[in-house]
Amino acid sequence: MRASKFFISTIKEAPSDAEIASHKLMMRAGLIKRLAGGIYTLMPMGLRVVRKVENIVREEMNRAGAIELSMPVVQPAELWQESGRYKQYGPELLRFKDRHDRDFVMQPTSEEVITDIARNELRSYRQLPVNFYQIQTKFRDERRPRFGVMRGREFTMKDAYSFHADFDGLKAEYQNMFDAYTRIFTRLGLKFRAVAADTGSIGGTGSHEFHVLADSGEDALAFAPDSDYAANVELAEAMAPAKPRGAAGAAMQKVATPNKKTCEQVVEQLGLPLSQSVKAIALMHEPEEANAAKGVVATTGKRFFMLLLRGDHELNEIKAGKVAGLSPFRFATPAEIANYVGCEPGYIGPVGLDAPRVTIVADRSVAAMSDFVCGANEAGYHLTGVNWVRDLPEPAVVADIRNAVKGDPSPDGKGELDICRGIEVGHIFQLRTKYSEALKSTVIGVDGKPVLLEMGCYGIGVTRIVGAAIEQGHDERGIIFPAAIAPFTVGICPIGIKKSDAVKAAAETLYSELQAAGIDVLLDDRDERPGVMFADMELIGIPHRFTIGDRGLKEGKIEYQGRTDSAATQIAPAEALALLKSKLAL
RNA sequence: CGGAGCGUAGCGCAGUCUGGUAGCGCAUCGCGUUUGGGACGCGAGGGUCGUAGGUUCGAAUCCUAUCGCUCCGACCA
């Protein structure tokens, strides 16, 4: 490609609403242009990157035996009503009416449509297994779109759906997809990790997320450096401490802690470590009916819970939701806390409560504590030297309700956990029969009777990968794309192309040679000043560059410089292709 | 959805408090000089100041409403 025939729209200053490196750099490099919140035009340069990602995904999906199709972006509401997701999905699902006043949605995913295809087209177990996929535009009306393409509303996603006559078939395909994803992210040149993920309300036995590792990631991942254990922190089991509960060593004492409402403030006053304190979180279990009747005083079915966490730990709401009888819950109001505990928030604790009215749920690590500090249920006071059994009954429930932290024992028993951050770029899921049941999708099994289809689904965020790759690869000069997805593999910068016939000839020769070798080459024939050409190539993240100028040609040399090289290498023009090929083979 | 902030040229911003000719840098266009790290000079074009009302002789500026965007939180996955 000649730069003069292409469209390069780099800018020096990023728009002020771009916060993270990838968003700023994508804007500055002219890869994307914002049209509305979370909605971007892929400019020619950006589209080339997306296409390269798509092609790798497509090749590996095909290799794994999946079959490409393309489903509509606009889908009738009826299908979504049938699956129940029309109600369930909430405002993230974009809904609208056509001219006949019929309801439609913009697809956020396509389980309904593919299951509809399956029930109409799949008749016999002999047609299984089958895995359909598409690379398609998705729309999710995110409450807070941000970070450019990382959390956009409109984005490109590869979504695949597999169908099986039995669970074993699903498990086999799940593993097949796991392996395919591993190949895809490896080929994309990304540092990534597959982690166990929450299966949510669907249940089932398996779900893994694939995360690109980056400090700016929105997800925290727990992993064991000594083993292959890795899980989203949402899910990672937080183990009880290895040591059992210690014996009581101190008498329980009430101490005045005026205006000290947080664990941090209290331990600071007492000169104790944060891990010696217990924080209490007041939750109210409130059934859906009571929610619906807001305003009306509906106490039926409400239950007050006090959750106990070590002062240095964080509540995991997903885990809390799994405590028997707690879900659905919300944080209790100050009035409710006063009613059940007789005290204002900041000084509440588990000692001396009316057990039937207040259910105590202790985290595993709290259950193993002794001589701890907690609120005294009296404004301005805390208790020290508190011990289970002696000072208060054993907690009604002991459960894992916190986020795992660095240094926790690994759930697989091998070493300790560490925490890193990741950007979710892939998610594979054993859906089982959720949709086939809802849409009554069966095939005739071996025994001649209908069986519900077992389903798996497998997503990859194509546009998000571009952002993730930039988060992982950039410096002060711009983007450092992995070679596999760079918009161009190599750039040629001829200095003074309009002035020097020698430069022009050498550049054209090299350009033809690289093109003939099938290499994606950008010849910068814009007759820009060298600084402009270099800055653009580096900002856009082109991995390799040849510079051709009169100065070098006099010596019979041109220059090669890799995007991350600190200096250029002088080479003979005839060696350029061989050198580049050796670099690409790495 | 709650809290905060911002909407002035393609981008980054000043001007708003204290009403009176709409500005700066980058980018763009023309001419010239430049040509190994985002050149320089001279000249030019481009804005109904988010939108709609109101106050006023006069509104970017004050008031009201509304829309959009951003951040923090909640929510969702």
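Protein chains get the first letters and strands the later ones, always in sequence-line order, with residue 1 at the start of each.
- As a whole-Å value, the separation of A/Lys499 NZ from B/G36 C1' is 14 Å.
- No contact: A/Asp527 has no heavy atom under 4.0 Å from any strand.
- If you take atom C1' in B/A65 and the same atom in B/G20, they sit 27 Å apart, rounded to whole Å.
- Nucleic acid contact for A/Glu218: none, since no nucleic acid atom lies under 4.0 Å from a heavy atom of the residue.
- Nearest nucleotide to the A/Arg146 side chain, out of B/G38, B/C72, B/G36: B/C72.
- A donor N or O paired with an acceptor N or O is not found under 3.5 Å between the base of B/G36 and the side-chain atoms of A/Asp550.
- Among the protein residues, A/Gly37 comes within range of the sugar-phosphate backbone only, with heavy atoms under 4.0 Å from sugar or phosphate atoms but none that close to a base.
- In this structure, the nucleotide among B/C71, B/U34, B/G36 sitting nearest to the side chain of A/Pro530 is B/G36.
- The A/Lys12 side chain lies nearest to B/C26 when the options are B/A39, B/C26, B/G37.
- A/Ile39 has its CD1 atom 12 Å from the P atom of B/G68, to the nearest Å.
- Residues A/Ser22 and A/His474 bring no donor and acceptor atom of their side chains to less than 3.5 Å of each other.
- If you find the closest nucleotide of RNA chain B to A/Arg545 and to A/Asp219, the one lying nearer the 5' end belongs to A/Arg545.
- Checking the phosphate oxygens (OP1, OP2) of B/G12, a side-chain nitrogen or oxygen of A/Ser16 falls inside 4.0 Å.
- Whole-Å rounding puts the A/Arg143 CZ to B/A74 C1' distance at 8 Å.
- Annotation: cation-pi geometry satisfied between A/Arg48 and A/Phe488 (NZ/CZ under 6.0 angstrom from ring centroid, within 45° of ring axis).
- If you measure from atom CD of A/Glu19 to atom P of B/U70, you get 9 Å, rounded to the nearest angstrom.
- Protein atom CG of A/Leu35 is 14 Å distant from nucleotide atom P of B/G68, rounded to whole Å.
- For the C1' atom pair drawn from B/A59 and B/G45, the interatomic distance equals 27 Å after rounding to whole Å.
- Rounded to an integer number of Å, the gap from A/Asp17 CG to B/U70 P is 6 Å.
- Side-chain contact between A/Asp565 and A/Tyr560 is present, with heavy atoms from C-beta onward closer than 4.5 Å.
- Straight-line distance between the P atoms of B/C17 and B/G7: roughly 14 Å, to the nearest whole Å.
- Distance A/Glu142 CD to B/C69 C1': 17 Å, rounded to the nearest Å.
- Nucleic acid contact for A/Arg34: sugar-phosphate only, since backbone atoms but no base atoms lie under 4.0 Å from a heavy atom of the residue.
- Toward the 5' end of RNA chain B, the nearer of the two residues A/Gly38 and A/Leu539, judged by each one's closest nucleotide, is A/Leu539.
- Residue A/Ala36 is out of contact with every strand shown, counting any heavy-atom pair closer than 4.0 Å.
- Nearest nucleotide to the A/Glu13 side chain, out of B/G38, B/U35, B/G12: B/G12.
- With 3.5 Å as the limit, one finds no donor-acceptor pair spanning the side chains of A/Glu111 and A/Thr115.
- Distance, A/Arg144 CZ to B/C69 C1': 12 Å, rounded to whole Å.
- Taking the six-membered ring for Trp and the full ring otherwise, the centers of A/Phe185 and A/Phe210 sit less than 6.0 Å from each other.
- Of the N and O atoms on the side chains of A/Thr109 and A/Asp159, not one donor lies less than 3.5 Å from an acceptor on the other residue.
- Pair assignment for B/U33: B/A39, on the basis of Watson-Crick or G-U wobble contacts that are both within less than 3.5 Å.
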